[in-house]
Number of protein chains: 2
Amino acid sequence: MVVSLNEPLDMHLHLRDGQMLDIVAPLSAETFSGALVMPNLVPPVTTKEAVVSYRQRVLKAGKNRAFTPYMSLFFRSDYTFEFLESVKDEILAIKLYPAGITTNSEGGVSGFDLLELAPVLNAMSELEIPLCVHGETGGFVMDREAEFIPVYEKLARNFPDLKIVMEHITTKDAVEALDRFENLYATITLHHLYITLDDVAGGLLQPHLFCKPIAKRPEDRAALLGAALSAHPKVMFGSDSAPHPREAKEAPGCAAGVFTAPIALQALAQLFDRHGAMEKLQRFVSDNAKRIYGIEPPAKEVILEKSPYLVPEIYEGSVVPMFAGQSIEWRVVSAG
Amino acid sequence: MVVSLNEPLDMHLHLRDGQMLDIVAPLSAETFSGALVMPNLVPPVTTKEAVVSYRQRVLKAGKNRAFTPYMSLFFRSDYTFEFLESVKDEILAIKLYPAGITTNSEGGVSGFDLLELAPVLNAMSELEIPLCVHGETGGFVMDREAEFIPVYEKLARNFPDLKIVMEHITTKDAVEALDRFENLYATITLHHLYITLDDVAGGLLQPHLFCKPIAKRPEDRAALLGAALSAHPKVMFGSDSAPHPREAKEAPGCAAGVFTAPIALQALAQLFDRHGAMEKLQRFVSDNAKRIYGIEPPAKEVILEKSPYLVPEIYEGSVVPMFAGQSIEWRVVSAG
């Protein structure tokens with residue numbers, strides 16, 4: 001059995017910088033046609049120069065493969081209209097992090113005072129720059145996303161012309177919120193379609209499956225599967241693939257993040273195939289994003305076939321992927 | 001400020017065997033007057049000979065300190081009345097594990113068929129041997145204990161003369177169940193009085209706080225604190241102190257267990273002091289257990305004073321305790 005995917009897109013990707021960028025960028029560029037690149041570097045990407053220079057580094061690391069890095073800017077409430085207008089053509093979106101909620105988010109937003117955020121959000125509405133949000137409160141880990149839904153609703157209601165993407169949603173609550181506001185969209189990761197908290201901490205502790213937002217309950221995963229497998233028109237694939245060096249993942253105080261980029265299409269094919277939903281995968285992994293963001297990524301056809309693929313234990317001796325050392329039922333035959 | 005505790009008891013303790021036993025037994029024997037020693041060795045403790053020989057090893061490892069290891073037997077549904085009668089004087093309780101639910105529990109009970117369990121439970125009732133239960137189902141990790149409550153209720157209702165101890169309870173549901181049946185009791189650990197899932201996986205991942213049952217929600221911890229700080233008459237301290245070598249705790253696939261025995265009294269004093277409940281600590285950590293189990297442990301007075309105690313980073317280069325390298329507000333001045 002063979003499946004062809006056109007212009008696969010990863011609408012939430014962490015490529016890091018330096019040596020890690022050099023390891024992971026080619027892996028995404030190989031099978032994806034484009035990706036929305038997250039701006040949470042140290043320091044975060046907050047200037048036009050930083051965007052342009054980061055894109056160049058990504059392109060260089062991607063080794064000239066047909067791959068468009070769609071850049072994002074780290075949200076700041078003090079951006080001026082003039083600045084946003086000047087940077088508009090260099091970015092696809094602006095990413096908002098609540099302060100301190102995940103890796104390198106220390107400079108994010110504290111509280112969600114609409115008066116404080118309004119000038120930037122109004123400018124983004126006018127300039128048609130989508131807002132991507134890491135939607136978690138500082139509450140109890142299993143409740144953080146559900147508690148954040150009222151903030152999404154407040155944003156959606158008060159800025160009706162702003163496209164708001166709920167990033168890496170993990171809960172039934174977020175899936176339900178999607179349909180209450182026309183301007184709310186969402187990305188869903190690979191790992192949240194596969195795992196629940198049971199896989200992280202239900203047996204032995206599995207640091208390589210530890211992520212933020214943390215994987216939730218079985219009924220939450222079921223809701224995510226419902227949205228993804230039906231290719232809900234407001235839902236896009238965003239891997240949130242987040243590489244950390246193995247030493248950092250396998251030590252106490254392990255950082256959050258699951259590295260999925262190089263095995264994402266294979267594992268998505270397996271998942272959609274198992275659920276008899278293969279005909280929806282093209283929309284979930286590309287068409288929805290093209291329509292929502294209005295983008296035309298470079299042509300790329302990825303052929304997958306149902307044939308066992310042994311996932312590497314580690315990439316470049318440094319980064320351990322999801323399903324490391326395990327077999328996936330689908331493999332990539334060609335991409336180009 | 002000084003506090004004196006008489007005959008502190010740890011009614012749920014893992015001492016392991018061999019080299020680990022030699023490391024941890026003296027630490028418990030130093031400040032506790034006695035402890036209920038769990039039988040989940042490899043193979044589990046299921047014969048009179050195994051009980052007697054394990055007690056001897058514990059006493060030897062405890063280095064002749066005034067410390068009584070109260071032994072337990074690993075529950076099997078095929079124990080005969082005659083066997084139980086013959087072993088009765090050697091044990092304080094029988095510990096029931098659902099199969100595969102925690103460390104070395106592979107030989108435990110599958111399903112809770114009363115017809116299958118009745119002969120042993122009736123014999124235990126008649127011989128007045130309490131039943132200690134690791135009460136978790138194989139369900140979603142956050143629900144396992146709550147889902148098990150109906151099993152506790154079924155046992156309590158059908159075996160009204162059997163003392164049933166819900167071990168290391170972690171939920172509001174279990175605390176509430178305590179008052180519904182006269183013959184239900186409970187132990188509460190140190191760590192479940194301090195932590196929630198947030199401390200394990202809410203920030204960075206903390207393997208040394210990873211345990212079974214997993215730490216639950218803030219409202220669950222509040223219910224446990226309510227029971228412990230009021231020295232609820234059916235609640236006893238049981239540390240569930242569960243040492244693993246550092247290599248095993250700090251690698252992917254880390255085993256469940258928090259090592260608390262050597263710092264338990266200090267941390268309990270800190271907790272009860274902070275909550276203005278110091279006058280209840282004697283009951284929680286000794287009197288309730290003496291009454292519930294009808295035991296008279298060897299006389300031991302432990303004097304603690306409110307003065308900073310720096311918890312060791314590691315014991316014998318092998319076992320990392322809770323609060324490693326941190327300061328606790330109370331220290332042990334003398335024990336004897």
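Please read these numbers as outputs of a predicted model, since none were measured by experiment. Letters A, B, ... mirror the listed sequences (proteins, then strands); counts begin at 1.
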Handout entry: Candidates Pro207(A), Pro252(A), Cys254(A) - the one meeting side-chain contact (heavy atoms from CB on, under 4.5 Å) with Glu250(B)
Key =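 Answer to the side-chain contact (heavy atoms from CB on, under 4.5 Å) test with Glu250(B) among Pro207(A), Pro252(A), Cys254(A): Pro252(A).
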
Practice task
Just give me the residue among Ile214(A), Asp143(A), Val200(A), Thr196(A) that pairs up with chain B most often, heavy atom to heavy atom, under 4.5 Å.
Solution key: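 Of Ile214(A), Asp143(A), Val200(A), Thr196(A), Asp143(A) has the most heavy-atom pairs under 4.5 Å with chain B.
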
Exercise for the section: Would you indicate whether Lys172(A), at its atom NZ, is surrounded by more than 12 heavy atoms from other residues, nucleotides or ligands within a distance under 6.0 Å? Expected result: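 Atom NZ in Lys172(A) is not crowded, with 12 or fewer foreign heavy atoms closer than 6.0 Å.
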
Problem - Over 12 non-hydrogen atoms of neighbours within 6.0 angstrom of CD in Gln19(B) - result: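 For Gln19(B), atom CD is not crowded (no more than 12 foreign heavy atoms under 6.0 Å).
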
Exercise for the section: Counting only heavy atoms closer than 4.5 Å, note whether Lys212(A) contacts chain B via side chain, backbone, both or neither. Expected result: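 Answer is side chain: those atoms of Lys212(A) sit under 4.5 Å from chain B.
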
Problem - Leu197(B) vs Leu197(A) side-chain heavy atoms within contact, under 4.5 Å - result: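 A side-chain contact exists here, since the closest heavy-atom pair is under 4.5 Å.
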
Exercise for the section: Give the C-alpha distance, both sets of side-chain angles, the deciding distance and a yes or no for side chain to side chain contact (heavy atoms under 4.5 Å, CB included) between Arg144(A) and Asp198(B). Expected result: CA-CA 11 Å; Arg144(A) 289 175 192 170; Asp198(B) 269 348; 3.3 Å; yes

Exercise for the section: Could you look at Phe140(B) and say if it's the side chain, the backbone, both or neither that has a heavy atom under 4.5 Å from chain A? Expected result: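 Both parts, backbone and side chain.
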
